[in-house]
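For the numbers below, each heavy atom of this structure counts, side chains included, while hydrogens, waters and symmetry mates do not.
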Amino acid sequence: WEDPSLRVTYAAKPAAVHDTIVTWIEEIADNAEVEHLDLHLPTRYYPVWEVHLDVHDSNDTHLEHKLRLDTVSGSEIPIANRESGLVDWLKYFHHAFMWPDKLGGYYFGVVVVSFSGIILLMVTVSGIVAHRKIIKQMFTLRPDRSVRIKWQDTHNVIGTWGVPFFLMIAITGAYFGLTKSYYGHMTSLLGGADTFVSSEVQSLDRVHSIADLGEVITFDEILRRPGPGDEPRPIELVVNGWGTSSMSYTATYYDMEKGLGTARVTFDAFSGEVDQSMPVDAADERVVEIAQTLHFGSFGGVAITIVYILLGLLMAVVIGLGNMMWIERRLHGNAGTKTASFYHRISNLNIGICLGFPVGTALIFHANCIIPVTLDARLTLTGWIYFSGVFAAIGYAFIRSNGYRATRELLYAIGAMFVLLPFVNWATTSDLFLTDLISPTMTYAWVDVAFLLTGLTTLKAASMIPKDR
């Protein structure tokens with residue numbers, strides 16, 4: 001969705017590209033030292049060949065190169081000089097809050113996010129302890145009672161049924177986040193090794209052309225090479241020892257349809273013989289991998305992804321309702337010890353924060369369609385737009401003295417922005433999701449459908465909010 005250049009046709013039997021890729025690599029690596037070489041093999045979800053080549057040139061300058069090829073014709077697809085934006089912001093904000101280098105950098109941000117997981121774990125456990133009639137509350141909904149009772153029942157039902165998911169998200173997020181931070185910090189202390197380089201720096205016996213080494217297994221053949229289990233074909237290939245007699249491939253197999261069964265196999269690039277000496281991942285590395293898989297829902301295909309999205313949204317609803325009940329008991333009940341104006345300000349802040357994040361999220365999706373892709377400060381601008389939306393929502397909640405009206409109006413704004421997103425995408429790319437829904441490779445169209453459904457659901461929710469208590 002972010003990169004329209006990937007909206008291309010996927011060929012079930014891709015055109016041969018091995019010679020094109022090899023020629024491209026040899027031209028770049030002629031007077032340079034290859035650091036890393038990997039290929040993304042085409043799937044219907046990412047329907048292109050993509051080659052990443054990192055080298056050191058004769059001036060000891062690190063250079064990164066990328067090649068993208070069409071699966072139908074095998075011809076090169078021009079790659080725009082896209083600066084980081086929407087996806088990078090969402091990913092790194094989730095991983096590390098985009099923590100600035102001057103305040104500790106990425107790994108310190110990871111620690112902060114991990115402690116957020118610990119806080120979520122503590123809140124979930126305390127909620128379980130506080131609800132002593134948890135079994136009864138799992139099945140209690142009283143739609144004919146007051147607004148506060150309906151909030152309470154909804155909070156209890158969703159919270160109790162969602163406990164396993166909430167605990168899993170909290171534990172896995174905290175665990176692999178702290179683990180990644182520890183390993184990343186130790187790596188930097190021990191020399192700052194590049195954690196992504198999985199290919200050896202090439203030795204001095206590298207030849208100019210791999211044809212001089214004999215007949216090599218082509219990239220086209222690897223695409224059809226069966227995996228060790230039921231995996232239909234590899235999705236990623238790392239080339240080790242490019243241009244040397246010891247050149248080998250490490251293929252990653254993954255069932256894209258089921259989202260199950262990842263396997264990595266290293267084999268000789270000439271004979272195809274599997275390397276049995278490759279070390280098995282250590283137990284702690286396997287635990288981290290399992291934690292990541294569970295946390296991000298990277299198993300079970302699209303169905304699990306949808307379930308995770310719904311459960312994640314329900315988690316936000318539980319937290320929001322919990323905050324609202326806490327405020328209501330103090331503002332209109334006997335639990336408060338502060339003045340009414342104090343709790344009104346807390347209520348305004350809660351409304352602004354809870355609805356400010358979706359406002360900011362909707363805005364950066366719109367910004368992705370509008371901001372030039374070559375803008376150097378694209379990622380920074382995305383961040384400014386995001387937080388501007390958040391703080392604008394907080395400010396609006398304080399300006400609006402009536403919290404119910406503020407909630408209703410902000411929800412209408414959020415719903416409208418999401419409903420408009422597919423049409424903004426159409427206006428800026430000329431791609432209308434309605435015409436591409438039947439295409440198995442135009443997955444962006446289903447993202448637009450998700451925006452439309454999200455917007456309509458939010459508008460419906462806004463219409464159900466009363467204008468006053």
Side-chain angles (χ1 to χ4, degrees), residues 119-167 169-170 307 309-359 393-394 396-398 400-415 453-454 456-469:
I119 293 172
L120 175 60
L121 176 62
M122 294 170 62
V123 169
T124 305
V125 172
S126 65
I128 296 171
V129 174
H131 292 78
R132 301 192 177 181
K133 299 179 181 180
I134 193 169
I135 301 300
K136 180 181 178 181
Q137 291 172 342
M138 291 174 70
F139 303 96
T140 301
L141 277 174
R142 293 167 285 184
D144 56 335
R145 299 292 296 275
S146 68
V147 171
R148 197 167 75 180
I149 293 297
K150 285 188 279 190
W151 289 353
Q152 177 180 304
D153 289 347
T154 304
H155 174 85
N156 292 341
V157 169
I158 297 175
T160 50
W161 282 103
V163 159
F165 177 79
F166 303 156
L167 287 175
I169 289 293
V307 170
I309 291 171
L310 294 176
L311 288 172
L313 290 172
L314 290 176
M315 184 192 299
V317 169
V318 169
I319 294 171
L321 289 174
N323 293 343
M324 291 162 63
M325 289 189 297
W326 185 91
I327 294 168
E328 281 283 310
R329 289 191 182 110
R330 284 150 182 81
L331 193 58
H332 301 288
N334 300 319
T337 59
K338 305 286 186 181
T339 63
S341 62
F342 173 82
Y343 290 115
H344 270 298
R345 289 194 294 271
I346 296 296
S347 176
N348 293 336
L349 184 63
N350 178 59
I351 292 168
I353 290 175
C354 289
L355 298 181
F357 289 131
V359 167
I394 294 173
Y396 186 80
F398 274 93
R400 256 317 205 173
S401 58
N402 186 320
Y404 284 85
R405 288 182 182 271
T407 301
R408 180 184 175 95
E409 290 158 7
L410 285 172
L411 282 174
Y412 272 128
I414 293 166
L453 293 175
T454 300
L456 292 174
T457 303
T458 305
L459 291 174
K460 177 62 177 177
S463 69
M464 297 171 66
I465 301 291
K467 295 181 180 180
D468 207 336
R469 191 173 187 274

Asker: Where is the tightest heavy-atom contact between Glu328 and Tyr404, given as atom of each residue plus distance?
Answerer: OE2-OH, 4.1 Å
Asker: Given the rule in the ring-ring contact (aromatic ring centres under 6.0 Å, His included) test, do Phe166 and Trp161 qualify, once you have shown the distances and angles that lead to the verdict?
Answerer: CA-CA 10 Å; Phe166 303 156; Trp161 282 103; over 10 Å; no
Asker: Any side-chain heavy-atom pair from Val307 and Phe165 closer than 4.5 angstrom?
Answerer: no
Asker: First locate atom OG1 of Thr407, then atom CG of Asn348, and finally report the distance between them rounded to the nearest 0.5 Å.
Answerer: 9.0 Å
Asker: Is Asp144 atom CG crowded by more than 12 heavy atoms from other residues, nucleotides or ligands, each under 6.0 Å away?
Answerer: yes
Asker: Roughly how far apart are Asn323 CG and Ile346 CD1, rounded to 0.5 Å?
Answerer: 10.0 Å
Asker: Looking at every non-hydrogen atom in both residues, tell me the closest pair between Gly356 and Ala393 and how far apart they are.
Answerer: CA-CB, 3.4 Å
Asker: Which atoms form the tightest heavy-atom contact between Asp153 and Thr140, and what is the distance?
Answerer: CB-O, 3.5 Å
Asker: Which atom names give the shortest non-hydrogen contact between Pro143 and Lys150, and what distance separates them?
Answerer: O-CD, 3.4 Å
Asker: Between Pro358 and Cys354, what is the shortest heavy-atom contact and its length?
Answerer: CD-O, 3.2 Å
Asker: Locate the shortest heavy-atom distance separating Arg145 from Ile149; write the atom from each residue and the value.
Answerer: CB-CG2, 3.6 Å
Asker: Is it the case that the side chain of Tyr343 and the backbone of Thr337 share a donor-acceptor pair, with hydrogens and angles ignored and the cut-off at 3.5 Å?
Answerer: yes
Asker: Assess the residue pair Lys338 and Arg330 against the criterion (side-chain contact (heavy atoms from CB on, under 4.5 Å)); give the C-alpha distance rounded to whole Å, side-chain angles, the decisive distance to 0.1 Å, and a yes or no.
Answerer: CA-CA 8 Å; Lys338 305 286 186 181; Arg330 284 150 182 81; over 6 Å; no
Asker: Quick one: CD on Gln152 to CD on Gln137, what's the gap to the nearest 0.5 Å?
Answerer: 7.5 Å
Asker: Got a second to check how far Asn402's CG is from His344's NE2, nearest 0.5 Å?
Answerer: 9.5 Å
Asker: My understanding is that only residues two or more places apart in sequence, or in another chain, count here; which of them pass side chain to side chain contact (heavy atoms under 4.5 Å, CB included) with Leu313?
Answerer: Ile309
